Amino acid sequence: MILSIENVYVYYGNMLALRDVSLHVKRGEIVSLIGANGAGKSTVLRSISGILAPRAGRILFNGEDISGLPAHKIARMGLSHVPEGRGVFANLTVFENLEMGGYARRSDLEVREGIEEVFSLFPRLKERRSQMAGTLSGGEQQMLAIGRAMVSRPDLMLLDEPSMGLSPLLVGEIFDMIEEVNRGGVAILLVEQNAFAAFSIAQRAYVLETGHVAMHGDTNELRNQPGVQAAYLGVVPGGG
Amino acid sequence: MRKITDMAKTAACLAAAAVTGQLLDSFGFVNPYWVQIFQLGCIMTISALGLNIIYGFTGLFSLGHAAFYGIGAYTAAYVMKSSGGESHLLFLAALAAGVACSALVACLVGLPVLRLTSDYLGIATLGFGIIMKVLFDNADGVLPILGGARGMTGLAKMTTVAWTIAVLGIAMIFVRNIVRSSYGRALVSIREDEIAARAIGIATFRYKLAGFVIGCGLAGLAGGLYAHLYAFLHPSNFDFFKSVDVLVIVVLGGLGNLSGTLAASFGWILLLEVLRVALPPGYMELRWVLIPVLLIVTMLLRPQGLFGSREIRFFRDGLDS
């Protein structure tokens, strides 16, 4: 087990955002977290990566309790969070962005190697290596954000809505890349609104509803659940 | 090896510039009035480079820069005057004390206020600036030597041309090496996206504090030079409007652009003086109409600063290139 969240409660001020959430990710797995707007998906990721601190419950990463640790320490332990909206450093070049990915964790040599690896996986980033990240297209920025996370060679990558604002064709491309990253041995927790795309690469999924895990299981099973079909896969009950 | 020869070359150039400047001044080849304006430009540049680290590179909106300039000025002046000496070694110690005091206060102020972001941080630093102005005004209650609202007089005129050029040169090299290092890039990444910076393992608060302390330390250094240029200090030299002056220079020169800060600092000082000479007597206040108009026009034409993202060669090459 690389990540396990046990009975976590998170508040924004006095507002309860996550209620008794438990989930886990096994080594080498792709797990998806789906749910409607405001269900608390991003909140889950933010509490794992230390941007928010849970008020109750435990978060274990590689067997170590990380709940309440500051974000930069968690990142150094090998947990990379690719935040929503990509969070690339717009006024740094593509290459500098990638270098920053290994800033806290890796030696210079490892950073160079990591960047070469990213370039072989995303050749388009190599072509644009000295371009400012802010001038890239949405899809390229997403590639860059994932690539930057890769340079630190994490054990677990948290991806927050990588499909956001991308054309269906690009979504397919990005998801292929996520699978490629996963084949390199990185476990992935993928937050998505696009459940259809998420189910296509994840082995297991959790469904979050108003801050609570409503369902979880293998994606093959969840796909056939009427409730999931109606709410997240756009299948009309009783229809065609 | 190349790095060492480069460093030696830079040091030699700097020494030559300082000596030449000093000789020109000492033998009366240049008008002392213009010498003083040049020195003021150097001092302004040092302070503005500090604010550029804080606001331009790290993205921390500070409206209290003049307060740190003042802390450095009063500290250096206090050290110099209370010891009664006039040696250059003592002046060096006084400048160092000014930097240390500004940096220390910046650290103490930064610990609580740097948890705020953007506009809120601006308001908090503005408040700090006003508190410091009141303290300067009433400082004679505690230490009569500081003069309070009557001003502090009788300081030794230690700030020679050589001192200004040398200190500015060192400050320029120091700032360039910081912002062109991976440390500087970490500061920029905080400015660009703080959450993402934390997600890649940067201890953002510690870096913000360090950037703030370094920037305020440079303001203190500039203050120490300023105190011993005119031999007179007054609290009104360190009020809110002086903070705005530096802010205008940094924005005009371009956030995160060092060449721009250098050009805008000298441009600003020169503009004030030219208008002082050019405007007919009695119309002096027209400056504060003309300058804002010029600002508006410049910002409309070059919102990204005078130089955009271009830098002169000196500022381009960092340590690791």
Side-chain angles (χ1 to χ4, degrees), chain A residues 42 45-46 48-52 69-93 95-108 111 114 132-135 141 144-154 156-160, chain B residues 52-53 55-60 111 114-115 117 178-211 250-251 253-258 260 303-305 307-311 315-321:
Chain A
S42 297
L45 296 195
R46 286 192 198 125
I48 296 171
S49 65
I51 292 163
L52 294 170
L69 282 184
H72 65 270
K73 289 210 173 126
I74 294 175
R76 284 160 194 236
M77 294 167 80
L79 193 157
S80 264
H81 183 181
V82 180
E84 194 177 355
R86 296 150 202 147
V88 298
F89 304 129
N91 289 303
L92 292 180
T93 64
F95 191 79
E96 285 168 337
N97 264 274
L98 292 172
E99 270 185 329
M100 290 312 293
Y103 183 76
R105 203 165 129 77
R106 298 293 168 186
S107 71
D108 283 359
V111 171
M132 291 291 163
T135 65
Q141 288 192 17
L144 179 57
I146 296 173
R148 189 180 60 196
M150 275 177 65
V151 175
S152 71
R153 307 202 186 203
L156 173 66
M157 206 185 274
L158 311 177
L159 294 171
D160 200 346
Chain B
N52 206 347
I53 291 185
Y55 185 38
F57 287 92
T58 319
L60 305 168
L111 278 171
L114 290 179
R115 306 200 180 268
T117 49
I178 284 184
V179 303
R180 300 285 170 250
S181 69
S182 62
Y183 173 80
R185 222 167 286 143
L187 294 181
V188 171
S189 71
I190 293 171
R191 175 193 76 194
E192 297 284 301
D193 192 318
E194 190 168 346
I195 300 260
R198 282 157 76 183
I200 57 173
I202 295 172
T204 51
F205 182 73
R206 213 175 302 160
Y207 276 78
K208 286 199 286 187
L209 187 63
V250 169
V251 173
L255 294 172
N257 187 284
L258 299 176
Q304 70 283 62
F307 288 70
S309 58
R310 280 183 305 253
E311 290 275 14
F315 285 129
R316 236 183 349 240
D317 310 325
L319 272 184
D320 54 5
S321 63

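Model, not experiment: these values are computed from the prediction. In what follows, every chain begins at residue 1, and chains take the letters A, B, ... in the order their sequences are listed.
For the options A/I51, A/N91, A/N97, A/V82, heavy-atom pairs under 4.5 Å to chain B are most numerous at A/N91. In terms of non-hydrogen atom pairs under 4.5 Å with chain A, the most contact-rich of B/A196, B/A199, B/G201 is B/G201.
Contacts of A/R148 with chain B are made by side-chain atoms alone, with heavy-atom separations under 4.5 Å and no backbone atom involved.
No side-chain heavy atom of A/L144 sits less than 4.5 Å from a side-chain heavy atom of A/F89.
Note that CG of B/N52 and CG of B/N257 are 7.5 Å apart. Values are rounded to the nearest 0.5 Å. For the atom pair CG of A/L158 and CD of A/E84, the computed distance is 13.0 Å after rounding to the nearest 0.5 Å.
Residue pairs that meet the salt bridge (Lys or Arg N to Asp or Glu O under 4.0 Å) test with at least one member in residues 194-211 of chain B, sequence neighbours left out, are B/E194-B/K208.
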